[in-house]
Number of protein chains: 2
Amino acid sequence: MEMTERKQKILAAVVESYIRTGEPVGSKNLLNELDISVSSATIRNEMADLAEMGYLEQPHTSAGRVPTTLGYRYYIDKLMNRLEPSEADRKSIEKSVAAGRGDPEQLLEKAGEVIAKLTGCAAVSTMPTGDKATVRRAEIVPVGSRTAMIVLLTSAGTLKSKACRSDMPITPHTVERFYNVCSSQFIGKPLEEIGTVMLQTLVASLGEHALEMSPFFVTLADLANDALSSDVLLEGQSNLFNHRELGNNVIELMEFLRKGDPIAKLMSGVKDIDIKIGSENEYKQLANSSVIISHYDVNGSRSGALGIIGPTRLNYAKLIPYMQFVSSLVGNMLSETIED
Amino acid sequence: MEMTERKQKILAAVVESYIRTGEPVGSKNLLNELDISVSSATIRNEMADLAEMGYLEQPHTSAGRVPTTLGYRYYIDKLMNRLEPSEADRKSIEKSVAAGRGDPEQLLEKAGEVIAKLTGCAAVSTMPTGDKATVRRAEIVPVGSRTAMIVLLTSAGTLKSKACRSDMPITPHTVERFYNVCSSQFIGKPLEEIGTVMLQTLVASLGEHALEMSPFFVTLADLANDALSSDVLLEGQSNLFNHRELGNNVIELMEFLRKGDPIAKLMSGVKDIDIKIGSENEYKQLANSSVIISHYDVNGSRSGALGIIGPTRLNYAKLIPYMQFVSSLVGNMLSETIED
DNA sequence: GTTAGCACTCTTATTTATCGAGTGCTAAAA
DNA sequence: TTTTAGCACTCGATAAATAAGAGTGCTAAC
């Protein structure tokens with residue numbers, strides 16, 4: 001069965017009506033908002049065809065039709081008219097995001113907040129990562145006779161710290177040795193190279209000081225690892241409660257959002273914008289949700305992303321341009337902050 | 001009406017039964033688990049008295065009785081038999097918490113996790129604060145021509161950082177000036193003294209460099225402020241969904257937990273252990289919840305707290321000793337980590 | 001190809017009936 | 001004076017019956 005122009009019009013109308021109301025849409029109601037003048041029976045026939053083609057489905061025999069994943073996909077790829085953010089909206093977004101200017105984490109937090117508020121969805125964002133970031137600075141600060149804070153700063157501007165315990169007392173010599181090893185072995189090195197292999201050879205080379213020093217370098221390697229795996233920020237997760245169609249899945253969905261790892265993976269794509277509808281998601285917790293992820297560039301290279309998560313009936317026509325706008329805005333502002 | 005010994009027995013049995021089952025408890029059911037041999041009619045009379053005295057109430061005319069806030073309070077203060085954690089439980093808690101040994105944040109996270117898991121409640125914890133903490137170290141790290149990270153480390157081992165933008169290019173002189181001012185004005189100073197007043201006089205004294213340098217010191221003051229207001233960690237909030245009696249309040253309860261400020265205030269008390277039942281809470285979002293907060297000491301002085309939040313029908317006899325055990329454990333481990 | 005008409009399906013809401021746990025009261029027993 | 005058996009009554013919870021309504025698919029005529 002081929003896709004006629006009329007079928008397209010009807011499909012678009014069904015999708016848009018369902019997105020707006022959340023109710024399965026029947027042939028009669030469709031008549032009102034469709035400019036083609038045919039009877040409801042004709043619409044019914046067409047809708048039956050669209051159902052057979054896999055674009056629509058019925059919750060139950062005597063209900064209206066609801067778009068399937070395929071239906072949404074077709075709508076987004078072929079039928080949708082992008083609705084660019086209004087001048088007023090753009091201004092207001094810019095103002096909110098600019099409030100976080102200066103500090104990347106704060107900036108992304110603000111961006112997440114404004115997205116969550118504007119879209120009524122949960123917003124996620126990842127901090128800018130420099131894949132090829134290097135160690136810029138490593139510090140050791142004793143805070144007790146056997147405890148010290150280890151601090152790592154990367155060339156991408158990420159700062160990580162962790163306290164660390166040694167079995168032996170920390171002396172000024174310990175500190176000196178730490179800095180010596182750091183400046184010869186760590187400073188300027190790409191984070192990725194600081195792995196267990198490197199550590200082993202390093203510790204071996206420490207000789208009699210191995211026992212004393214190794215905890216600090218292990219911690220430093222931990223930090224390097226942390227700095228590589230991008231942090232995920234989450235905002236407005238309670239917005240999800242307002243979407244009834246998520247039903248009891250909200251709970252496991254929130255549980256899923258709380259652990260950042262899968263989200264980080266989800267957001268590590270490279271396409272400008274990535275839209276996953278319901279079953280298109282690889283994680284089963286997202287099976288009833290849609291995800292729109294828009295990546296931002298910092299200084300010309302792919303760096304992080306902003307995303308929203310909500311029910312499948314998102315207002316794609318509006319939200320896709322929104323996300324693109326916000327992410328490019330964030331990219332620009334971050335580029336200002338983190339110069340090369 | 002005076003409180004007889006039999007009334008006490010009955011009240012305790014009602015509270016315990018309700019805590020166990022969550023169902024309003026009737027006179028007949030009470031007979032089984034009460035060792036006094038009287039008829040259900042007698043129990044009924046006594047329960048009516050207890051209701052009149054304000055310790056029990058009925059959800060509706062023909063239902064069993066449920067403890068009131070007053071009832072719980074009386075039970076906890078006068079009737080409850082503490083149930084100390086078993087040897088096995090203590091071991092398992094120690095093991096979990098010890099996994100975070102070394103880093104205070106990680107340690108409290110682990111403690112929160114184990115508490116949440118063991119109690120089925122949401123767990124909150126505050127990081128150790130040193131009220132009289134001083135500035136131990138302040139660093140400036142340029143990350144762009146006009147941007148720098150400012151890093152603050154306190155004597156209590158807290159580390160805070162924030163990026164900061166200046167209107168003028170950052171030169172080696174900028175950095176040098178920063179360190180000069182820091183070592184003369186900030187290092188060793190109590191965090192509390194770094195307020196707007198101090199900043200104003202400082203900026204005034206900078207003379208021609210005021211424009212160049214002030215953003216950095218403003219940021220530094222921000223960080224000092226941050227370091228003073230204790231961070232709140234939250235674990236297991238999704239446990240709250242399992243308690244049906246919280247009903248739709250779960251959502252606003254979670255919303256409430258997410259913003260840390262009120263929680264921080266809630267946990268800033270000084271008593272060893274603090275139990276607030278339902279309406280005893282000053283925040284209306286907690287009106288249907290109970291809170292058990294147990295403070296821990298680091299090196300002999302009050303420093304932070306661990307708490308659980310759940311429905312009013314908590315197993316107080318078990319959880320109060322649990323929280324005391326965990327918080328004292330955490331205090332000891334932190335004392336090891338953060339020595340004076 | 002399109003449409004009016006109609007019987008049919010299935011959900012949702014509303015009403016009605018039934019059940020049972022638990023109470024309070026009374027009057028007798030201890 | 002306290003305790004107890006007995007009983008009528010209340011009221012929520014559950015289930016069954018009923019009604020309303022939206023929407024469909026099919027048929028036959030246009």
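Proteins get letters first, then strands, A, B, ... in listed order; numbering begins at 1 in each. Computed from heavy atoms alone, side chains included, the values below leave out hydrogens, waters and symmetry copies.
- At whole-Å resolution of the value, CZ in B:R6 and C1' in D:dT4 are 12 Å apart.
- The backbone N or O of B:G54 sits less than 3.5 Å from a side-chain atom of B:T68, completing a donor-acceptor pair.
- Between the NZ atom of B:K7 and the P atom of D:dT3 there is a distance of 9 Å, given to the nearest Å.
- For B:K28 and D:dG6, the NZ to P distance is 11 Å, given to the nearest whole Å.
- Nearest nucleotide to the side chain of A:A41, out of D:dT3, C:dT3, C:dT9: C:dT3.
- The shortest distance between the side-chain N/O atoms of A:N29 and the OP1/OP2 oxygens of D:dG23 is below 4.0 Å.
- When each of A:V25 and B:S37 is assigned the nucleotide of DNA chain D bearing its nearest heavy atom, the one mapping closer to the 5' terminus is B:S37.
- Atom-to-atom, CD1 of B:I43 to C1' of C:dA21 comes out at 16 Å; the value is rounded to the nearest Å.
- Taking side-chain N and O atoms only, B:S27 has no distance below 4.0 Å to OP1 or OP2 of C:dG22.
- Rounded to whole Å, the distance from CG on B:L56 to P on C:dG24 is 11 Å.
- Under the 3.5 Å distance criterion, the side-chain polar atoms of A:N239 are matched with a main-chain donor or acceptor of A:A116.
- With hydrogens and angles ignored, a donor-acceptor pair closer than 3.5 Å exists between the side chain of A:R44 and the base of C:dG5.
- Separating the CD atom of B:E46 from the C1' atom of D:dT4 is a distance of 14 Å, rounded to the nearest angstrom.
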Side chain to side chain contact (heavy atoms under 4.5 Å, CB included), that's the test. Do A:F256 and A:I263 meet it? Break it down for me. CA-CA 8 Å; A:F256 177 73; A:I263 305 290; 3.9 Å; yes
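- Separating the CG atom of B:N32 from the P atom of C:dA21 is a distance of 13 Å, rounded to the nearest angstrom.
- Closest heavy-atom contact between A:L246 and A:P311: CD2-CA, 4.1 Å.
- Although no hydrogens or angles enter the test, the distance criterion places no donor-acceptor pair under 3.5 Å between the side chain of B:T42 and the main chain of B:V38.
- One atom, CD of A:Q58, and another, P of C:dT11, lie 11 Å apart when rounded to the nearest Å.
- Residue contacts shown for A:S40 are absent, as no nucleic acid heavy atom lies under 4.0 Å away.
- Listed nucleotides D:dC11, D:dT24, C:dC10 differ in distance to A:H60; the shortest reach to its side chain belongs to C:dC10.
- Contact annotation: side chain of B:S62 to base of C:dT23, donor-acceptor pair absent below 3.5 Å.
- In this structure, the nucleotide among D:dC11, C:dG24, D:dA5 sitting nearest to the side chain of B:R65 is C:dG24.
- For D:dT24, the OP1/OP2 oxygens have no side-chain nitrogen or oxygen of A:T61 closer than 4.0 Å.
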